[in-house]
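Here the structure is laid out as structure tokens; the discussion comes afterwards.
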Amino acid sequence: MTYDFYCPKGKTALLISGGVDSAVAVHLMCERGIKPHLYYIKIGMEGEDSSCTAEEDIELSQAIAHRYGLPLDVIDLQQEYWDKVVGYIIDRVKKGLTPNSDVMCNKLVKFGAFEEKVGKEYDYIVTGHYARTGLDADGQLWMYAGIDPVKDQTDFLAQLDSFQISKSIFPLGGLPKQEVRHIAEEQHLPCAHRKDSQGICFLGKINYNQFIAQFLGEKEGNIIDIATQEVLGQHKGYWFHTIGQRKGLRLGGGPWFVVSKDIEKNIIYVTRGYDATLQYGDNFHLADFHILTSNPYNKDGEHAIRFKIRHTERPIPGILSFTPQGWHIRSSQPIQGIAPGQFGVIYDADGYRCIGSGEISVQK
């Protein structure tokens, strides 16, 4: 059976990870008669205590390469990841923001540094992301949401530029995850039952807070009930906490949620209960609104859209408008945990075509 996806002909590279998604992407490309050159990108931190699963990843990637008779090279982009992505994480956390490393890894490493080092030799780059690309009636190439609403990864790709999108092929965007697993089982791929990766890969066995502490240390501060101004406990630094966070506060009588931070005074403000008004907001601004293909919205009036502010949720209906502070989104429903630094990702009114994204900067 042949699965349909936008797949122009040309010299092709494929980024393989050792997981089921990229392995099935290999199968689907070969089924199309295209034999890509496989590349495994190494970004994990060195050292036994912080090792990623790179050794196992590479072994499984080699098995896939052998199975389909394809060349495989390992590309070391650890320094590029450290300089660009880790630097971005620490900078944002220090400012009290909530960074998204996956977004920046895609933009700066998988579709950035790889392009500079190797990808420039190829016409197209294939990945196992759950997204789609296609031409509209005017011949413009757009990125569209994957059909699986839980696995859709356009929010992680919404900072790519038009050149990066033009070189991208996403074989899995038209498939639900369960079908991808089924293909892997049917083809007896060695990674068919391998679990999906979770968290930030390069950290390996290191806890995220331990990683942040290496750069910013610890500094005790108060946790304060924003309603009563009562000091409920202490934390080890505002940089370990994000808006909307519940776990890790070590407070009794909860649930408690982080609703704001005073960066200068190192104070975390919390509120209690699931339905507290302070947990929710219905509008925010986007800084440096980034367009993928072209901007269908003018700066006058209001525009019906859908949007995401985090992964694994369906796009929410909203209204996009332009203000002196930049692009502004007003939601049709209250949203829990709007955190500055996260990316707001914009889709058309049907939630189908991805327009672009910007960093959440202001809440009103």
Side-chain angles (χ1 to χ4, degrees), residues 85 87-108 143 145 152-161 200 208 212 226 238-246 257-264 268-271 276-292 295 297 299 302-349 351 354-364:
V85 180
Y88 154 82
I89 293 172
I90 299 304
D91 175 71
R92 291 299 192 273
V93 169
K94 189 174 182 180
K95 293 176 179 177
L97 303 175
T98 301
N100 190 317
S101 59
D102 293 308
V103 170
M104 302 313 288
C105 181
N106 284 324
K107 177 180 181 178
L108 302 176
M143 184 169 69
D152 170 52
Q153 292 175 305
T154 49
D155 50 331
F156 291 151
L157 300 168
Q159 280 282 304
L160 300 187
D161 60 36
I200 302 175
Y208 177 75
I212 295 299
I226 198 168
Y238 66 81
W239 43 87
F240 296 117
H241 302 279
T242 186
I243 304 300
Q245 177 182 335
R246 176 189 173 191
F257 295 86
V258 177
V259 292
S260 66
K261 298 185 284 187
D262 187 322
I263 305 305
E264 292 184 0
I268 299 296
Y269 290 98
V270 298
T271 189
T277 303
L278 288 171
Q279 285 185 50
Y280 294 83
D282 63 3
N283 68 106
F284 53 89
H285 285 94
L286 295 177
D288 300 323
F289 192 50
H290 172 79
I291 300 296
L292 287 175
N295 188 359
Y297 308 119
K299 294 185 177 181
E302 298 182 332
H303 310 279
I305 60 162
R306 287 181 178 263
F307 70 94
K308 290 183 181 183
I309 63 166
R310 60 177 62 90
H311 189 52
T312 70
E313 63 179 31
R314 295 176 184 273
I316 300 168
I319 298 295
L320 181 71
S321 60
F322 188 79
T323 73
Q325 291 77 38
W327 289 105
H328 178 264
I329 295 178
R330 186 174 72 253
S331 175
S332 64
Q333 62 193 59
I335 310 168
Q336 196 267 342
I338 301 173
Q342 290 177 323
F343 284 97
V345 183
I346 309 303
Y347 300 82
D348 62 15
C354 186
I355 307 301
S357 64
E359 192 175 83
I360 296 173
S361 59
V362 180
Q363 287 181 248
K364 294 291 185 180

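- Rounding to the nearest 0.5 angstrom, the gap separating the OH atom in Tyr88 from the CG atom in Leu97 is 8.5 Å.
- Nearest heavy atoms, Ser260 versus Ile226: OG-CD1, 3.9 Å.
- A heavy-atom distance below 4.5 Å is found between the side chains of Asp91 and Lys95.
- Side-chain contact between Leu292 and Cys354 is present, with heavy atoms from C-beta onward closer than 4.5 Å.
- Taking all atoms of both residues into account, the shortest heavy-atom contact from Ala145 to Gly351 is CB-O, 4.0 Å.
- Of all non-hydrogen atoms in Ile263 and Gly96, the two that sit nearest each other are CD1-CA, 3.7 Å.
- For Arg310 and Asp155, the salt-bridge test fails: no basic side-chain N is under 4.0 Å from an acidic carboxylate O.
- Residue Gln159 holds its CD atom at 8.5 Å from CG of Asp288, rounded to the nearest 0.5 Å.
- In terms of heavy-atom proximity, Trp327 sits nearest to Asn295 at CZ2-ND2, 3.9 Å.
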Working note: Asn283 + Ser331, criterion side-chain contact (heavy atoms from CB on, under 4.5 Å); need CA distance, chi angles, decisive distance, verdict. CA-CA 6 Å; Asn283 68 106; Ser331 175; over 6 Å; no
Could you walk me through whether Tyr280 and Ile338 pass side-chain contact (heavy atoms from CB on, under 4.5 Å), step by step? CA-CA 7 Å; Tyr280 294 83; Ile338 301 173; over 6 Å; no
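- The two residues Lys94 and Tyr238 have their closest heavy-atom pair at O-OH, 2.6 Å.
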From CA spacing to verdict: side-chain contact (heavy atoms from CB on, under 4.5 Å), Phe257, Val270: CA-CA 5 Å; Phe257 295 86; Val270 298; over 6 Å; no
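- If you take OH on Tyr269 and CG on Asp262, they are separated by 5.5 Å, rounding to the nearest 0.5 Å.
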The test is salt bridge (Lys or Arg N to Asp or Glu O under 4.0 Å); show your working for Lys308 and Asp152 and say whether it passes. CA-CA 11 Å; Lys308 290 183 181 183; Asp152 170 52; 2.9 Å; yes
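- Annotation: side chain of Asp282 is not in contact with side chain of Pro334 (no heavy-atom distance under 4.5 Å).
- Within the 4.5 Å cutoff, no side-chain heavy atoms of Val345 are placed close to those of Ile309.
- Counting only distance, with no hydrogens or angles, the side chain of Ser357 and the backbone of Phe343 share no donor-acceptor pair below 3.5 Å.
- Under the 3.5 Å distance criterion, the side-chain polar atoms of Asn106 are matched with a main-chain donor or acceptor of Asp102.
- Thr98 and Gln342 are not linked by any side-chain donor-acceptor pair at a separation below 3.5 angstrom, with hydrogens and angles left out of the test.
- Of the inter-residue distances, the one linking Phe322 atom CZ with Leu286 atom CG reads 11.5 Å to the nearest 0.5 angstrom.
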Would Ile319 and His303 count as a side-chain contact (heavy atoms from CB on, under 4.5 Å) if you check the C-alpha gap in whole Å, the side-chain angles of each, and the deciding distance to 0.1 Å? CA-CA 5 Å; Ile319 298 295; His303 310 279; over 6 Å; no
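- Using a distance-only test at 3.5 Å, with no hydrogens or angles considered, a donor-acceptor pair links the side chain of Arg306 to the main chain of Pro315.
- Taken from NE2 in His328 to NE2 in His285, the straight-line distance is 4.5 Å, to the nearest 0.5 Å.
- For the pair Val93/Ile90, no side-chain contact is recorded, criterion being any heavy-atom separation below 4.5 Å from C-beta on.
- The two atoms that bring Ser101 and Ile89 nearest to each other are CB-CD1, 3.6 Å, heavy atoms only.
- Using a 4.5 Å cut-off on side-chain heavy atoms (C-beta onward), Arg330 and Phe284 make no contact.
- Checked by atom type and distance alone, the side chain of Lys261 pairs as donor or acceptor with a backbone atom of His241 at under 3.5 Å.
- At least one side-chain heavy atom of Ile316 sits under 4.5 Å from a side-chain heavy atom of Gln333.
- Between the CD1 atom in Ile268 and the CZ atom in Phe240 there is a gap of 11.0 Å [rounded to 0.5 Å].
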Which is it for Tyr297 and Ser321 under the side chain to side chain donor-acceptor pair (under 3.5 Å) test, yes or no, and what are the steps along the way? CA-CA 9 Å; Tyr297 308 119; Ser321 60; over 6 Å; no
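- Using a 4.5 Å cut-off on side-chain heavy atoms (C-beta onward), Phe156 and Asn100 make contact.
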